[in-house]
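Report on the structure given below.
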Amino acid sequence: MDYNTANGTSQLVRQREFTLSANQVTRAFCREVPVTFDQAIVQSRSSAPIDVGLARQQHQAYVQALESMGLQVQVLPADRHFPDCCFVEDCAVVADGVALIPRLGAPSRRGEEIPIATVLERHVGIEWVRNPATLDGGDCLRIGKRWYVGRSRRTNAAGAGRVREVFAPLGFDIIEVPLQNILHLKCVCSRLDEQTMLLAEGSIPAEVFRDVRVLHVPAAEAYAANSLAVNGTILMPAGFPATRRAIEGAGFKVAELDHSEIRKADGAMTCLSILV
Ligand code: CIR
């Protein structure tokens with residue numbers, strides 16, 4: 001397993017022994033990488049083809065990393081008819097005991113959300129996004145009692161409106177963020193903790209986050225702006241030293257995973273799990 005931390009295995013042991021407090025997530029839902037993963041949707045085809053076997057190894061390392069961080073991980077079987085099905089983040093928007101199940105923006109992905117909803121309904125209440133609304137979970141970023149919703153080519157006005165309908169009554173503010181030439185909002189930013197956002201320089205204005213502290217990722221390392229906070233540790237892609245220094249400098253523990261093949265399919269660290 002490619003799982004590097006500043007202090008090596010002693011940090012892994014400490015993470016396993018970490019006692020979960022009331023605010024922390026306890027479960028993760030993931031889905032295996034399908035054999036058809038090399039046919040996943042990509043915005044621009046990388047010159048190097050996707051190595052599906054390596055992608056599956058990287059996904060297994062991701063699951064093991066989440067387990068090492070104290071999460072109970074349920075891995076759903078892949079469906080070869082959905083090459084993108086491992087990107088479960090897009091299939092549910094979860095907070096405060098409710099999961100809003102998207103109608104995905106990419107027609108070829110519609111249907112991926114059904115087994116996710118079936119599993120989640122054992123744990124949370126389920127709401128649905130209906131035609132003509134479209135929504136991808138990768139456009140929805142929660143921090144505290146606020147949802148930032150990217151208005152991308154995948155998430156239309158009705159989709160963002162559905163987030164408002166479901167979560168505003170639960171006390172959430174909904175802030176829409178217009179996106180251009182960005183697949184999902186979370187391609188350029190992610191939450192480090194309840195007060196701190198990681199943001200790729202030159203992507204969207206930091207002001208959209210209002211009172212939230214913003215930690216900048218240099219444009220050359222924009223891919224690392226999508227990192228995953230799990231109960232105090234930040235899981236980030238390997239190979240982005242300036243971002244790692246910035247995150248550690250802000251006082252967070254960091255763990256790294258090699259995500260080369262996941263990246264080729266336009267996936268990043270948060271895309272592979274739903275945390276509850
Ligand atoms: C797609 O284009 O839908 C997939 N190839 C990548 C989805 C990544 N998901 C995410 O960022 N939440």
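Counting convention: from 1, in listed order, for ligands and their atoms alike.
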Revision key, fill the gap. Heavy-atom contacts under 4.0 Å to ligand 1, chain-then-number order, include exactly I41, D84, F87, E89, D90, R109, G138, R154, H184, A265, D266, C271

**Study point:** Working for salt bridge (charged side-chain N to carboxylate O under 4.0 Å, His left out), residues R142 and E194
**Key:** CA-CA 9 Å; R142 186 197 65 76; E194 295 298 84; 3.2 Å; yes

Practice item. For the residue pair F172 and F167, categorise the inter-ring angle as parallel (less than 30°), tilted (30 to 60°) or perpendicular (more than 60°). Key: perpendicular

Review point. What is the ring orientation for F37 with F87, classed by angle as parallel under 30°, tilted 30 to 60°, or perpendicular over 60°?
Key: tilted

Revision key, fill the gap. Across all chains, not counting sequence neighbours, the ring pair (Phe, Tyr, Trp, His ring centres under 6.0 Å) partners of F252 are none

Point to revise | Candidate pair E113 and R103, rule salt bridge (charged side-chain N to carboxylate O under 4.0 Å, His left out), full reasoning | key: CA-CA 8 Å; E113 71 283 5; R103 176 171 177 267; over 6 Å; no

Exercise for review: Identify whether the distance between the nearest side-chain nitrogen and carboxylate oxygen of K145 and D96 falls below 4.0 Å.
Suggested key: yes

